[in-house]
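Here is how names work: the chains are called A, B, and so on, in the same order as the sequence lines, proteins then strands, and each is numbered from 1. Predicted model only: the values in this text are computed from it and were never measured.
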There are 2 protein chains.
Amino acid sequence: MTQTAHASNSQGKQMLSEQVYAHLRDAIMRGDYAPGDALKPQDLAKEHGVSLAVVREALVRLVGEGLADRLPNRGFAVPAFSDRRWQEIAEARRTIEPVVLRMSIERGDVDWEARVRAAHHRLARTPAYVPEEGEHYSSAWSEAHRVFHRTLLEGCGNPVLLETFDRMWTASELARRWAAQRTPDRDALGEHRRLEEAALARDADTAAEVLAQHLTLTAAALTGCPHQAKEA
Amino acid sequence: MTQTAHASNSQGKQMLSEQVYAHLRDAIMRGDYAPGDALKPQDLAKEHGVSLAVVREALVRLVGEGLADRLPNRGFAVPAFSDRRWQEIAEARRTIEPVVLRMSIERGDVDWEARVRAAHHRLARTPAYVPEEGEHYSSAWSEAHRVFHRTLLEGCGNPVLLETFDRMWTASELARRWAAQRTPDRDALGEHRRLEEAALARDADTAAEVLAQHLTLTAAALTGCPHQAKEA
DNA sequence: ATAACACGGATAATCGATTATTTGTCGAAT
DNA sequence: ATTCGACAAATAATCGATTATCCGTGTTAT
């Protein structure tokens, strides 16, 4: 390729470590591994057909995002969340997200309004999680759910705050994966609808209140249940 | 070495990548490099007397923490902060920290009180930054400052929220490094004292208010000034 | 019988070298 | 004179192999 390469290869050539990283991240978030499972560089390198170096880089990045644990000289593993940790994550979200939502509602422009509407519409149309034997969850719904919550906050216009949301959401989902293993999702449709309405009505007080309650209820629904089997 | 090595080497044997990571992180935070400077694996490997792999791992970790930029196929570099970015970081802190401070004040126990007192005492005793030619800042004061602010929040008892603080503080300091290059630190002693007093008096309203103002003033002092000289 | 130690297999950490990509330069064609 | 394209140097990404560490197993001395 000697051409000036203004070619629009949107994602044609990626670093190997990037691909492996993405695959591994999705696998972990999807729940393909059990918490505590060892992530052996050699095995992963063979599976992906790459060298140890690229797997290693992917794992190091994962550790940085809390999606893998590292035990020096003992390898990498899928993180196992204690009940305590899960509660801490949920509390952090309850603490921060309502505040950011207020800011978002005060600042969001018309474009933001449109995106909120679209995100809510998409979420409402996506079939919710139905727990089935062996199956973990609906990733389509999970993604729509994430986008809805994130879009609500995006009106704040502050990338740093949104990065904070992203990190907490990731941790929250990872922890939820196992807590919700056997827990049918309660119907949060009503809450999401009220959230959208309050946001579009620029009613920050109500929106913040509904969001805090939404997060509290979700956490409560998952905290008490018999999750994280001690064995395996 | 066949001995069981139960030796109490508190930190005697670390992974090389860990050491290089720490060195590099300190160097960047200390301002040894200029924003935009290339971080060349080969050079760094020679300087530290290690192979490319360990430098690479350190750099990848740094990128994950926002302490280095990565341009695919173009290497790593010291991050350069725009004025906009700096303001976003400052705003994020103003948004989140007062809320966490409230929680901390409501929950902190006597041990926390003692640590707040100690941290403030240490900060008050540490000579503040005095800008001199060629010299960047007093790392002793900077560290005492960080510990004071973090300790104030530690009463919240939530590691996730404290991790959030850590990330924002790191970003804030990195951005401030260059904004403050020529800016004498305004005297924040009084604000810190009032912060300590309000916290220990369990006056959450006042403390949150003082903190918000403290962060606003600090940001204002650094935002308007002629920082980030366009040339070298 | 038990506990400390030594051996050996498995795997993590590191290294040195190879391959691929980018960037700058120089020359040819318009 | 300017632009496009081929070459070359620099350096990023990747690989295959080496070295170091951990952990389980078996042995021996008390």
Side-chain angles (χ1 to χ4, degrees), chain A residues 1-25 28 33-34 36-64 67-79, chain B residues 1-25 28 33-34 36-64 67-79:
Chain A
M1 276 224 280
T2 49
Q3 40 203 341
T4 6
H6 59 292
S8 61
N9 53 353
S10 45
Q11 44 89 15
K13 204 58 141 309
Q14 240 173 157
M15 286 192 302
L16 288 182
S17 64
E18 182 67 26
Q19 301 175 228
V20 174
Y21 162 78
H23 268 269
L24 221 34
R25 178 165 67 83
I28 293 172
Y33 302 100
D37 272 7
L39 294 168
K40 304 187 184 183
Q42 280 193 347
D43 299 350
L44 296 171
K46 266 194 186 138
E47 292 172 26
H48 291 264
V50 297
S51 76
L52 293 192
V54 324
V55 172
R56 195 150 247 280
E57 172 170 335
L59 288 171
V60 168
R61 287 179 58 184
L62 256 1
V63 170
L67 285 169
D69 283 344
R70 182 175 197 174
L71 310 95
N73 286 321
R74 309 252 257 82
F76 302 84
V78 176
Chain B
M1 278 224 284
T2 49
Q3 37 201 346
T4 7
H6 59 291
S8 62
N9 50 354
S10 45
Q11 46 87 14
K13 206 56 143 312
Q14 237 171 1
M15 285 192 305
L16 288 182
S17 65
E18 182 67 25
Q19 302 174 228
V20 173
Y21 162 78
H23 267 269
L24 222 33
R25 179 165 65 84
I28 293 172
Y33 303 100
D37 273 6
L39 294 168
K40 305 188 182 182
Q42 280 192 346
D43 299 350
L44 296 170
K46 266 196 186 135
E47 290 172 25
H48 291 265
V50 297
S51 76
L52 294 191
V54 325
V55 172
R56 198 149 245 280
E57 172 171 334
L59 288 171
V60 168
R61 288 179 59 186
L62 256 1
V63 169
L67 286 169
D69 284 345
R70 183 175 197 173
L71 309 95
N73 286 320
R74 311 248 262 85
F76 303 85
V78 177

**Request:** Would you jot down, in residue-number order, the residues of residues 39-50 of chain B having a non-hydrogen atom under 4.0 Å from DNA chain D?
**Result:**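 Listed by number, they are B:K40, B:P41.
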
**Message:** Working to the nearest 0.5 angstrom, can you tell me the gap between B:Q19 CD and B:M15 CE?
**Reply:**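 The distance works out to 10.0 Å.
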
Measure from [atom1] on [X] to [atom2] on [N] and round the result to the nearest Å.
X: A:F76; N: C:dA12; atom1: CZ; atom2: P; value: 8 Å
X: B:R56; N: C:dG16; atom1: CZ; atom2: C1'; value: 15 Å
X: B:R70; N: D:dA12; atom1: CZ; atom2: C1'; value: 9 Å
X: A:L16; N: D:dA12; atom1: CG; atom2: P; value: 17 Å
X: B:L71; N: C:dT21; atom1: CG; atom2: P; value: 17 Å
X: B:N73; N: D:dT14; atom1: CG; atom2: P; value: 8 Å
X: B:M15; N: D:dC22; atom1: CE; atom2: P; value: 12 Å
X: B:E57; N: D:dA13; atom1: CD; atom2: P; value: 15 Å

Under 3.5 Å, which donor-acceptor pairs link side chains of residues 43-53 of chain A to any protein atom two or more places apart or in another chain?
| residue | atom | partner | partner atom | Å |
| --- | --- | --- | --- | --- |
| A:S51 | OG | A:A53 | N | 3.4 |

**Request:** Report the residues that fulfil salt bridge (charged side-chain N to carboxylate O under 4.0 Å, His left out) with A:R61, sequence neighbours left out, ordered by chain and then residue number.
**Result:**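 If we apply the salt bridge (charged side-chain N to carboxylate O under 4.0 Å, His left out) test to A:R61, skipping adjacent residues, the hits are A:E18.
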
**Asked** For A:L52 and B:G75, take the nucleotide of DNA chain D holding the closest heavy atom to each; which residue's nucleotide lies nearer the 5' end?
**Response**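 It is B:G75 whose nearest nucleotide is closer to the 5' end.
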
**Asked** Taking for each residue the nucleotide of DNA chain D bearing the nearest heavy atom, is the 5' side occupied by A:V54 or by B:A38?
**Response**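 The residue mapped nearer the 5' terminus is B:A38.
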
Tabulate below the donor-acceptor pairs under 3.5 Å that side-chain atoms of residues 68-77 of chain A make, not counting sequence neighbours, or state none.
| residue | atom | partner | partner atom | Å |
| --- | --- | --- | --- | --- |
| A:R70 | NH1 | B:E57 | OE2 | 2.7 |
| A:R70 | NH2 | B:E57 | OE2 | 3.2 |

**Asked** Is there a side-chain contact between A:V60 and B:Y21 (heavy atoms, below 4.5 Å)?
**Response**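 Result no, sub-4.5 Å side-chain heavy-atom pair not found.
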
**Item:** Any side-chain heavy-atom pair of A:P79 and A:L67 under 4.5 Å
**Value:**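 Result no, sub-4.5 Å side-chain heavy-atom pair not found.
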
**Request:** Return the minimal non-hydrogen interatomic distance between B:V78 and B:A34, and the atom names on each side.
**Result:**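 Residues B:V78 and B:A34, closest heavy atoms: CB-O, 3.5 Å.
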
**Asked** What nucleotide, of C:dC15, D:dA13, D:dT14, holds the atom closest to the side chain of B:S51?
**Response**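 Closest nucleotide to the B:S51 side chain: C:dC15.
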
**Request:** Using the side-chain contact (heavy atoms from CB on, under 4.5 Å) rule, pick out the option among A:V55, A:L62, A:I28 that qualifies with A:L39.
**Result:**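 Checked A:V55, A:L62, A:I28 against A:L39; only one passes side-chain contact (heavy atoms from CB on, under 4.5 Å): A:I28.
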
Expected rows: protein N/O vs nucleotides 23-25 of chain C N/O, under 3.5 Å:
| residue | atom | partner | partner atom | Å |
| --- | --- | --- | --- | --- |
| C:dT23 | OP1 | B:R74 | NE | 2.3 |
| C:dT23 | OP1 | B:R74 | NH1 | 3.4 |
| C:dT23 | OP1 | B:R74 | NH2 | 3.4 |

